[in-house]
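Right, one structure below, let's go through it.
All heavy atoms count here, side chains included; hydrogens, waters and symmetry mates do not. On a predicted model such as this, the values are computed, not experimentally measured, just so you know. Reminder, nothing fancy here: chain letters follow the sequence lines and each chain counts from 1.
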Amino acid sequence: MQIEKVYEPQRFEPHWAQWWIDSGIFHASQRALPHVFSLVIPPPNVTGSLHIGHMLEHTEIDVTIRWHRMCGDNTLWLPGADHAGIATQMVVERKLAEEGLDRRTLGRDKFIERVWEWKAQYGDQIKRQMIRLGASCDWSRERFTLDPGLSRAVREVFVRLFEKGLIYRGEYMVNWCPRCRTALSDLEVKSAETQGHLWHIRYPISSTTAAHVVVATTRPETMLGDTAVAVNAKDPRYFDLHGRTVDLPLMNRQIPVILDDLADPQFGTGAVKVTPAHDTNDFEAGKRHNLPRIKVIDEGGRMTAEAGPYAGLDRFEARRRVVEDLERLGLLEKIEPYTLAIGKCDRCGTVVEPLISTQWFVRTKPLAEKAIAVVETGRIQFIPENWTKTYFEWMYNIRDWCISRQLWWGHRIPAWHCQECAEIIVAREAPTSCTRCGSSQLVQDPDVLDTWFSSALWPFSTLGWPDETEDLKMFYPTSLLITGFDILFFWVARMVMMGCEFMGDIPFRQVYIHGLVRDAERQKMSKTRGNTIDPLVVTEKYGTDAVRMALLLGAAPGTDIVLSEDRMESTRAFANKIWNAARLLFVNMERSGVEPWLPNRLETFRPEAGPSIEVSVEDRWIFSRLNTCAEHVNHAIEQYRYHEAAQLLWHFFWHEFCDWYLELKKPSFQENAGINADWRNVLAAFETALRLLHPAMPFLTEELWQRLSNGRPTRPVSIALAEYPQYGEQHTDFAAEREIGILQEVVTLARTLRTEMKLDPKLQLQGTLHARGDALEIARRHADAMRRLSGVSLEFSPDPPLAGAASRSTSQFDLVLHVPKTQMEAQRRRLEKENDQLSKNIASLENQLSDESSLSRKPEQVVANMRAKLAEYKSQLAKNKAALNALE
RNA sequence: GGGCUUGUAGCUCAGUUGGUUAGAGCGCCUGCUUGACACGCAGGAGGUCACAGAUUCGAGUUCUGUCAAGCCCACCA
């Protein structure tokens with residue numbers, strides 16, 4: 001068996017990545033298997049290439065998917081990408097700007113062509129990246145949110161919601177991004193605490209000479225659009241203002257004083273300027289009092305003609321000018337520093353402007369009711385479950401969803417405006433004539449839908465809805481969604497609403513929410529910080545398996561994931577360890593004349609001499625350990641405890657399989673022995689370990705597994721289709737565990753002793769093992785292994801040791817090394833230190849055991865344990881003291 | 001203003017239902033080129049479990065409060 005000396009994952013990872021795809025082994029079956037496991041990918045945006053957060057998400061998904069597939073489920077991981085309306089339009093516009101182009105000069109059709117070009121490039125890149133990272137998805141079912149099929153689903157949903165009265169169009173105050181020139185949903189506005197000012201402005205009371213009312217505002221420029229001043233009807237300070245008007249400074253306009261609860265007597269001066277066209281609260285107040293709306297800021301953030309002398313100015317410049325002018329007129333009473341929350345566009349960071357415009361909305365309350373119910377009844381489960389509360393909180397306070405965007409890249413709203421009679425026709429396909437006046441002068445609504453509208457349909461639109469496809473029947477509801485908390489409302493909540501509404505069933509049964517990938521200093525990764533980790537770079541450097549393993553080890557549910565070069569170095573060392581364990585086996589197989597052999601199951605192989613001869617205890621031991629490991633790993637993956645699964649695998653493979661089992665088996669790797677029971681058992685254990693490791697480290701395990709088959713046709717063609725090891729009672733072997741356990745204790749104690757006494761590590765030592773009961777016999781059987789692993793030749797004795805020897809003890813035995821007294825200073829120090837600890841423990845236990853009243857309330861078992869422990873400590877202490885005395 | 005999360009070794013984190021002397025990886029210290037592996041082997045040091053109370057025979061684990069950090073939601077000018 002040939003195997004390269006050095007572990008170089010770059011040599012084989014791309015090969016298997018491509019081979020998995022070409023051989024179609026990730027293709028989900030339409031045959032009915034006993035269990036179906038399906039998951040749709042959170043579609044990455046086609047804005048660019050994948051970042052490390054995607055890799056974390058995909059690794060977690062892939063582990064789960066590969067595990068289910070190996071467990072024999074009909075497993076589907078459906079891949080795809082999202083057109084990401086605003087985000088993609090922005091990056092393409094930026095690219096056009098570099099070419100000195102502008103989307104408006106290009107025109108809508110040409111622009112969209114350019115975006116499709118971009119999509120082709122980055123969609124491809126994303127796919128290549130995912131393949132390279134080992135994502136085991138079914139590419140034959142790949143989807144894109146703007147595919148014809150998905151677009152049809154979008155129109156279908158829009159029309160049905162409209163017909164049901166759950167979509168409406170109207171003029172409302174919306175969040176507007178002056179840079180993106182589009183309306184935004186509430187979720188797309190991020191509020192940021194900002195240091196601002198509170199300007200106190202005097203509004204002269206009409207027909208008086210000196211009197212004025214002072215209003216406070218954080219946005220002085222909006223006063224140009226004021227149409228009232230509000231005071232609270234109960235506020236005694238302003239009783240005399242009731243029914244009067246004030247002169248709006250700078251604008252030569254008289255505006256009424258209105259009585260409204262908008263004005264809180266406790267805040268500021270208790271008088272509020274009212275700008276119905278530029279503030280949400282004022283908009284509502286304006287409706288209550290029938291106030292005119294004067295729009296002074298336009299869609300580009302500039303002052304309109306209504307702003308008189310300020311027309312054409314940028315809104316912030318206008319603010320400066322207004323303040324200056326007020327100051328000059330002596331109308332600025334004071335300026336206070338003030339911290340306020342400013343809404344910014346989620347995409348471009350521009351300060352959002354509340355603006356009145358006509359938009360399309362989804363009436364969300366009725367949809368939310370069902371979405372709340374399915375989580376309340378536990379049909380959908382969040383993991384970790386604390387997200388349930390966050391979900392409810394949002395759902396209970398849900399507001400209508402503005403779904404129209406004044407963009408070009410996206411699903412065009414399926415509504416047509418009649419140019420003759422202004423009728424609006426909502427239809428699945430373009431109508432030829434107006435349903436009211438029969439005119440053929442119809443123009444489609446220019447707006448597109450919020451990206452999340454199509455994403456909300458993803459779990460069923462990707463499976464062929466509205467057709468009743470086989471896939472839909474087989475794979476909906478999906479089993480699981482793995483995603484980040486940042487899109488819980490944007491996406492998860494809306495999928496639940498849409499799934500319940502249109503499929504009459506939940507879109508997924510469980511939602512696993514993963515954390516954020518952070519750097520070594522726990523910083524969020526961001527391009528501006530320059531601390532991003534590029535998956536392709538680290539994959540190339542450390543190997544995909546190592547990066548995956550590093551991510552998994554950090555992926556404790558409910559925590560963020562810290563990723564650093566250190567971690568990837570250590571997981572690469574683990575991969576290297578696996579490689580070298582394989583090397584040990586392969587090189588020795590070559591030497592022993594053992595052909596490559598793929599057992600594909602964990603089965604004890606007895607020596608050819610016949611069943612009367614015992615299977616070696618080491619084999620029974622590793623099978624038992626492997627069995628326990630399989631049990632725990634299965635359990636961990638089932639519960640999305642990826643970090644635990646990774647750690648279990650690590651510990652088992654390195655510290656049990658390599659450190660003990662392989663070391664114990666080395667002597668049996670004899671030259672030209674051919675395949676025998678020893679080899680069969682070693683290979684069975686190794687191959688089982690590979691299968692156990694495969695979901696986490698798919699490349700390395702496939703590479704080694706394929707080498708074990710050496711190109712011969714095997715039943716599963718890939719380890720990815722082999723059976724995942726499951727717990728089997730027949731492999732549990734307590735006797736073997738105890739036996740090897742004693743061996744391990746003796747060897748470890750012997751090593752400790754010789755290091756403690758600073759003895760030459762190569763020096764072969766003599767010693768005596770004073771063992772009690774059957775430990776004596778057990779230990780005797782392993783004298784050779786003990787000598788090999790610890791460098792101590794042991795004699796065995798049932799008697800207690802003489803005092804004064806260099807010894808270490810357990811409850812089963814005392815190990816004595818025969819060394820000259822002169823070398824025992826270290827031993828003395830250790831004994832003294834140990835005695836301190838023992839005395840403390842004894843005192844504590846005696847104290848507890850002397851308290852009759854508390855003792856009577858303790859469970860018997862606990863008390864028994866305490867007594868046993870106390871006796872053991874005491875005997876140990878006595879032994880140590882004798883040993884110390886003998887050293888004098 | 002509401003809600004959530006976190007605080008355990010130098011660092012990053014585990015620690016299921018309360019039960020002997022609290023674990024891992026990295027880092028650190030000591031010694032080893034032992035024929036798979038120095039991406040290694042062997043041994044070791046290092047913790048008042050943020051703080052204060054409460055419940056309990058017993059608390060890292062449950063409860064309350066305090067402090068600190070982070071995140072989410074919210075139209076008070």
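Contact annotation for V587(A): no contact, since no heavy-atom pair falls under 4.0 Å across all strands. Contacts of E4(A) with the nucleic acid, taken as non-hydrogen atoms under 4.0 Å apart, are absent. Residue contacts shown for T571(A) are absent, as no nucleic acid heavy atom lies under 4.0 Å away. Residue contacts shown for R754(A) are absent, as no nucleic acid heavy atom lies under 4.0 Å away. Within the 4.0 angstrom heavy-atom criterion, only backbone atoms of the sugar-phosphate kind lie near T217(A); the bases stay farther away. Across all strands, A556(A) comes closer than 4.0 Å only to sugar-phosphate atoms, never to a base (heavy-atom distances). Residue L585(A) is out of contact with every strand shown, counting any heavy-atom pair closer than 4.0 Å. The residue K5(A) sits close only to the backbone: its heavy atoms come under 4.0 Å of sugar-phosphate atoms, none of a base. D659(A) comes within 4.0 angstrom of sugar-phosphate atoms only, judged by non-hydrogen atoms across all strands, and of no base. As judged by a 4.0 angstrom heavy-atom cut-off over every strand, A230(A) is placed among residues making no nucleic acid contact.
One can place CG of D279(A) at 7 Å from C1' of rA77(B), the figure rounded to the nearest angstrom. Put simply, CG on L789(A) is 15 Å from C1' on rG43(B), counting in whole angstrom units. As rounded to whole Å, 13 Å separates atom C1' of rC76(B) from atom CG of D260(A). Here the P atom of nucleotide rG3(B) and the CZ atom of F485(A) are 20 Å apart, to the nearest Å. Rounded to an integer number of Å, the gap from Y642(A) OH to rA24(B) P is 26 Å. Per the geometry, CG belonging to N397(A) stands 18 Å off P belonging to rC72(B), to the nearest Å. rC4(B) atom C1' lies 16 Å from atom CG of D486(A), rounded to whole Å. Remark: P of rC26(B) and CD of Q647(A) are 11 Å apart, rounded to the nearest angstrom.
Of all the residues in residues 542-549 of chain A, not one reaches under 4.0 Å from RNA chain B with any non-hydrogen atom.
Rounded to whole Å, the C1' atom of rC67(B) lies 26 Å from the corresponding atom of rA74(B). Taking atom C1' on both nucleotides, rU55(B) is separated from rG18(B) by 12 Å, rounded to a whole Å. Taking atom C1' in both rU16(B) and rG43(B), the straight-line distance is 32 Å, to the nearest Å. rA14(B) and rA36(B): their C1' atoms are spaced 30 Å apart (whole Å). On the C1' atoms, rU56(B) is 16 Å away from rU64(B), given to the nearest whole Å. The same atom, P, is picked in rG35(B) and in rU20(B); the two are 43 Å apart, to the nearest Å. Nucleotides rG65(B) and rG19(B) place their C1' atoms 27 Å apart, quoted to the nearest Å. Between rC63(B) and rA22(B), the distance separating the two C1' atoms is 22 Å to the nearest Å.
OP1 or OP2 of rC75(B) sits under 4.0 Å from a side-chain N or O of R399(A). Look at W654(A) and you'll find a side-chain N or O under 4.0 angstrom from OP1 or OP2 of rC41(B). Distances shorter than 4.0 Å separate some side-chain N or O of K577(A) from OP1 or OP2 on rC41(B). Close to rC37(B), at under 4.0 Å from its OP1 or OP2, lies no side-chain N or O of R572(A). For rA77(B), the OP1/OP2 oxygens have a side-chain nitrogen or oxygen of Y338(A) closer than 4.0 Å. Between T559(A) and rA14(B) there is a side-chain N or O to OP1 or OP2 distance below 4.0 Å.
When each of rC71(B), rC26(B), rG25(B) is scored by its nearest atom to the side-chain atoms of D566(A), the top-ranked nucleotide is rC26(B). Taking every side-chain heavy atom of R641(A) into account, rA14(B) is the closest of rC71(B), rA36(B), rA14(B). Of the candidates rA42(B), rC37(B), rG25(B), the closest approach to any side-chain atom of T755(A) belongs to rA42(B). Checking rG3(B), rU12(B), rG35(B) against every side-chain atom of R591(A), the shortest atom distance belongs to rG35(B). Of the candidates rU5(B), rA36(B), rG15(B), rA36(B) carries the atom nearest the R583(A) side chain, counting heavy atoms from C-beta on. When each of rA77(B), rC26(B), rG70(B) is scored by its nearest atom to the side-chain atoms of R518(A), the top-ranked nucleotide is rG70(B). Minimum atom distance to the side chain of H643(A) is reached by rA14(B), of the listed rA14(B), rG40(B), rC76(B). When each of rA42(B), rA36(B), rU12(B) is scored by its nearest atom to the side-chain atoms of R751(A), the top-ranked nucleotide is rA42(B). If you check rA14(B), rA36(B), rA74(B) against the side chain of A581(A), the one that comes closest is rA36(B). Checking rG25(B), rG3(B), rC39(B) against every side-chain atom of K389(A), the shortest atom distance belongs to rG3(B).
When both pairing distances are held under 3.5 Å, rG53(B) makes a Watson-Crick or G-U pair with rC63(B). The pairing partner recorded for rU30(B) is rA42(B), the criterion being a Watson-Crick or G-U wobble arrangement whose two distances lie under 3.5 angstrom. The partner of rC4(B), taking Watson-Crick or G-U wobble pairs whose two distances both stay under 3.5 Å, is rG70(B).
Note: Y396(A) and Y391(A) fail the aromatic proximity criterion, with ring centroids not under 6.0 Å apart.
In this structure, N580(A) and K5(A) approach most closely via the heavy-atom pair OD1-O, 4.3 Å. Between R219(A) and P354(A), the shortest heavy-atom contact is NH1-CD, 3.8 Å. Here the shortest heavy-atom pairing between A556(A) and Y512(A) reads C-OH, 4.5 Å.
Side chains of E745(A) and T748(A): no donor on one and acceptor on the other come within 3.5 Å. Using a 3.5 Å distance cut-off with no hydrogens or angles, the side chains of T339(A) and E193(A) do not pair a donor with an acceptor. Inspection of the Y203(A) and D226(A) side chains reveals an N or O donor paired with an N or O acceptor under 3.5 Å. Side chains of N175(A) and D186(A): a donor on one and an acceptor on the other come within 3.5 Å.
For Q266(A) against rA77(B), a side-chain-to-base donor-acceptor contact under 3.5 Å is absent.
Mapping N386(A) and P557(A) onto RNA chain B by nearest heavy atom places N386(A) closer to the 5' end of the strand. Comparing K190(A) and T339(A) along RNA chain B, the residue whose closest nucleotide (by nearest heavy atom) sits nearer the 5' end is K190(A).
For the pair R754(A) (side chain) and S790(A) (backbone), a donor-acceptor distance under 3.5 Å is present.
Residues L700(A) and Y7(A) have side chains in contact (heavy-atom distance under 4.5 Å, counting atoms from C-beta outward).
Here R293(A) pairs with E171(A) under the salt bridge (Lys or Arg N to Asp or Glu O under 4.0 Å) rule; sequence neighbours left out.
Atom CD of Q639(A) sits in a crowded spot, with more than 12 heavy atoms from other residues, nucleotides or ligands closer than 6.0 Å.
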